[in-house]
2 protein chains.
Amino acid sequence: MQYQEAKEKFISTWGSLGSLWGINKAMAQIQALLFISTKPLSMEDIMQDLKISRGNTSMNLRQLMDWGIVTKVLVSGERKEFFTTEKDVQELARIVAKERSRREIKPVIKVLDEVSSIKNDGTEKTKELIKQTKALRELTDDLDTLMNKLVNQKQNWLTKSVLKLMK
Amino acid sequence: MQYQEAKEKFISTWGSLGSLWGINKAMAQIQALLFISTKPLSMEDIMQDLKISRGNTSMNLRQLMDWGIVTKVLVSGERKEFFTTEKDVQELARIVAKERSRREIKPVIKVLDEVSSIKNDGTEKTKELIKQTKALRELTDDLDTLMNKLVNQKQNWLTKSVLKLMK
DNA sequence: AATAACTTTCAGTAATTATTGAAAGTTTAA
DNA sequence: TTAAACTTTCAATAATTACTGAAAGTTATT
């Protein structure tokens with residue numbers, strides 16, 4: 001396999017994996033492209049490489065910047081804007097975990113809290129609803145906390161040692 | 001908040017959360033309904049409660065059974081089939097983690113391996129592609145392993161102690 | 001202050017994904 | 001073995017989501 005093929009394979013795989021970490025295809029592909037690029041790219045570069053429209057590129061770059069995954073960089077002597085992504089995978093994971101937690105998991109925990117605190121009228125079905133939503137709330141909270149703690153370890157000694165412990 | 005409202009809130013929240021654990025809305029809602037139900041439900045029950053068609057119910061129940069989350073139960077004296085879901089959240093998490101790993105993460109790791117093992121022709125861009133995809137492969141593998149190990153602990157002493165350790 | 005270089009917005013459209021419902025299929029009971 | 005009770009399948013359609021491209025907006029240069 002040659003460079004070009006490998007590059008395309010990486011970008012398309014990472015793109016279709018976007019759903020796993022909660023972002024859309026174009027967003028994931030732009031991030032992938034920047035991730036393996038040796039220098040910052042302009043909007044024009046990205047459009048041409050991924051064959052997507054200017055509007056699409058602009059919108060998705062914005063979202064990536066909202067997530068804190070991509071940043072604008074100024075290239076001296078150039079009028080247009082250039083973009084680059086976080087290159088360190090640990091830091092990338094940290095950002096993604098934090099954002100997903102904030103955007104999706106925390107709101108769900110809030111709803112589970114509300115639901116599980118309805119008045120217990122003593123009926124079977126109410127008891128079951130309370131019991132099950134409480135259990136789900138606990139689990140969601142534990143996994144959320146754990147994920148955040150893990151990826152937060154800048155030096156990943158803890159992750160490594162936990163992994164070793166468990167093998 | 002009364003039972004009915006709480007129930008609807010739980011089902012719709014869990015449904016829209018489906019994307020987070022990789023299944024579609026109807027699938028997640030059916031699972032949610034079964035999860036808080038005190039007894040197994042028939043296809044008819046599910047259709048009526050969630051206001052979805054027979055076909056949709058049938059297809060999504062099948063998928064839930066494929067995942068191993070929902071099982072058929074025979075109710076004596078009844079001709080039709082009844083369904084129930086795994087009620088233990090730990091076990092549920094274990095199944096979901098295992099399935100997602102198998103369906104999505106493992107195949108990605110395979111591609112990352114292929115891509116990162118292209119011939120190093122010494123150019124900058126090739127070196128960058130190899131370096132970055134290798135880093136991503138390591139991280140993906142670590143997180144996958146960790147997640148599986150964690151939810152695999154039937155008795156969750158390890159999870160608890162790791163959580164405590166990290167707080 | 002006019003113009004060129006560039007970016008953003010958004011209505012329209014395309015692509016994708018989910019849902020319906022009725023016909024075909026299957027199982028059980030009489 | 002027939003018919004009723006039930007489930008599955010799948011082509012058609014609806015709903016959702018993503019993408020385009022051109023016009024409007026912004027910023028820098030002369």
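Per chain, numbering begins at 1; letters A, B, ... match sequence-line order.
- Between the CD atom of A:E44 and the P atom of D:dG21 there is a distance of 14 Å, rounded to whole Å.
- Closest approach of A:I118 and B:Y3 over heavy atoms only: CD1-CA, 4.1 Å.
- Of the candidates C:dT28, D:dT7, C:dT19, C:dT28 carries the atom nearest the B:R79 side chain, counting heavy atoms from C-beta on.
- In this structure, A:E81 places its CD atom 10 Å from P of D:dT27, rounding to the nearest Å.
- Among the nucleotides D:dC10, C:dT8, D:dC19, the one closest to the side chain of B:M59 is D:dC10.
- Among the candidates B:D49, B:I46, B:T85, the single residue satisfying the side chain to side chain contact (heavy atoms under 4.5 Å, CB included) test with B:I30 is B:I46.
- Looking at B:K106 and B:S101, their side chains do bring a donor and an acceptor atom within 3.5 Å of each other.
- The nearest whole Å value for the distance from the NZ atom in B:K51 to the P atom in C:dT20 is 12 Å.
- In this structure, B:M47 atom CE and C:dT19 atom P are separated by 14 Å, rounded to whole Å.
- Comparing C:dT8, D:dC6, C:dT19 against the side chain of B:K80 picks out D:dC6 as the nearest.
- Residues A:T13 and A:L17 form no side-chain contact, since every pair of their non-hydrogen atoms from C-beta on lies 4.5 Å or further apart.
- For A:R54, taking side-chain heavy atoms from C-beta onward, the closest of the listed nucleotides D:dC19, C:dT7, C:dT20 is C:dT7.
- A:N24 comes within 4.0 angstrom of sugar-phosphate atoms only, judged by non-hydrogen atoms across all strands, and of no base.
- Rounded to whole Å, the distance from NZ on B:K72 to C1' on C:dT26 is 11 Å.
- If you find the closest nucleotide of DNA chain D to A:N60 and to B:S42, the one lying nearer the 5' end belongs to B:S42.
- The distance from atom CG of A:N56 to atom P of D:dA22 is 15 Å, rounded to the nearest whole Å.
- Defined by atom type and a distance below 3.5 Å, a donor-acceptor pair is present between the side-chain atoms of A:D45 and A:S42.
- Ranking C:dT8, C:dT20, D:dT8 by closeness to the B:R62 side chain, first place goes to D:dT8.
- In this entry the distance linking CD of A:Q63 with P of C:dC10 reads 15 Å, nearest Å.
- Distances were taken from every side-chain heavy atom of A:M43 (C-beta onward) to each of C:dT19, D:dT20, C:dT8; the shortest belongs to C:dT8.
- Atom CD1 in B:I52 sits roughly 15 Å away from atom P in D:dA15 (whole-Å rounding).
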